[in-house]
Amino acid sequence: MLAISDFIFSVYQDTDYETITRTAESGLATIDRAGQYPATQRTGKPLQTISINGQILGNSGGSTLDRLRGFINQEPQIVVKGDGTVLGLWMVVRVTETGTRLLDDGVAIKTTFQVELQEYHA
């Protein structure tokens, strides 16, 4: 499905995701002008973002997401789509985890997650 460095989102490893959203913007800004229409100006090419949403069933959700959280303070990671397309270098900027269906010891048997990536250019 998708790989961030050595972390592979895969049905076979119980790390599949349900949705992926890739966002690219134009970099246009408007500047208000008195008595006229706003002026439109290109301010540069914004960085793309990827948002991945999914769920992990079983009690391994926390440890699986710990691996992704480990990328937050590391160098940019290579991201590759399941078909082999290299998307380049990306930074993991946020990992959100929600545990539900908790057992007596507080371990969630259903964990939903969102991972947010931002394109990286040196």
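Bear in mind the structure is a predicted one, so any value in this text is a computation, not a measurement.
Only one option out of T21, V95, I20, L68 pairs with I52 in a side chain to side chain contact (heavy atoms under 4.5 Å, CB included); it is I20.
Atom CG of D83 is surrounded by more than 12 heavy atoms from other residues, nucleotides or ligands within 6.0 Å. Within 6.0 Å of CZ in R67 there are more than 12 heavy atoms belonging to other residues, nucleotides or ligands.
The shortest heavy-atom contact between Q74 and M91 is O-CE, 3.4 Å. Here the shortest heavy-atom pairing between D6 and F71 reads OD1-CZ, 3.7 Å. Counting all heavy atoms, side chain and backbone alike, S26 lies closest to P46 at C-CD, 4.0 Å. Looking at every heavy atom in both residues, D16 comes nearest to F113 through O-CZ, 3.9 Å. Heavy-atom minimum distance, I78 versus L89: N-CD2, 3.9 Å.
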Side chain to side chain contact (heavy atoms under 4.5 Å, CB included) between Y17 and M1, worked out
CA-CA 8 Å; Y17 54 83; M1 296 176 80; 3.7 Å; yes

After noting the C-alpha distance and the side-chain angles of S51 and Q114, does the key distance pass the side-chain hydrogen bond (donor to acceptor under 3.5 Å, both in side chains) rule?
CA-CA 7 Å; S51 181; Q114 181 177 35; 2.8 Å; yes

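Taking hydrophobic clusters as Ile, Leu, Val, Met, Phe, Trp and Tyr residues chained together by side-chain heavy-atom distances below 4.5 Å, I4 does not share a cluster with Y120.
One distance of note links CD of E75 with OG of S5; it measures 11.5 Å at 0.5 Å rounding. Rounding to the nearest 0.5 angstrom, the gap separating the CD1 atom in I50 from the CG atom in L2 is 6.5 Å. With rounding to the nearest 0.5 Å, the separation of OG1 in T40 from CG in L28 is 6.5 Å. One finds the CH2 atom of W90 at 8.0 Å from the NE2 atom of H121 (value rounded to the nearest 0.5 Å). Atom OG1 of T98 sits about 11.5 Å away from atom CD of Q55, to the nearest 0.5 Å. Here the CD atom belonging to Q77 is positioned 14.0 Å from the CG atom belonging to L87, to the nearest 0.5 angstrom.
No donor-acceptor distance shorter than 3.5 angstrom exists from the side chain of T49 to the backbone of Q118, with no hydrogens or angles considered. In this structure a side-chain-to-backbone donor-acceptor pair under 3.5 Å is present from E119 to Q48.
Between K45 and E25 there is no salt bridge, since no side-chain N of the basic residue sits under 4.0 Å from a carboxylate O of the acidic one.
For the pair P38 and D32, the minimum side-chain heavy-atom distance is below 4.5 Å. Side-chain contact between T96 and R94: present, with at least one pair of heavy atoms (C-beta onward) separated by less than 4.5 Å. Counting only heavy atoms from C-beta outward, the side chains of T111 and E97 approach each other to under 4.5 Å.
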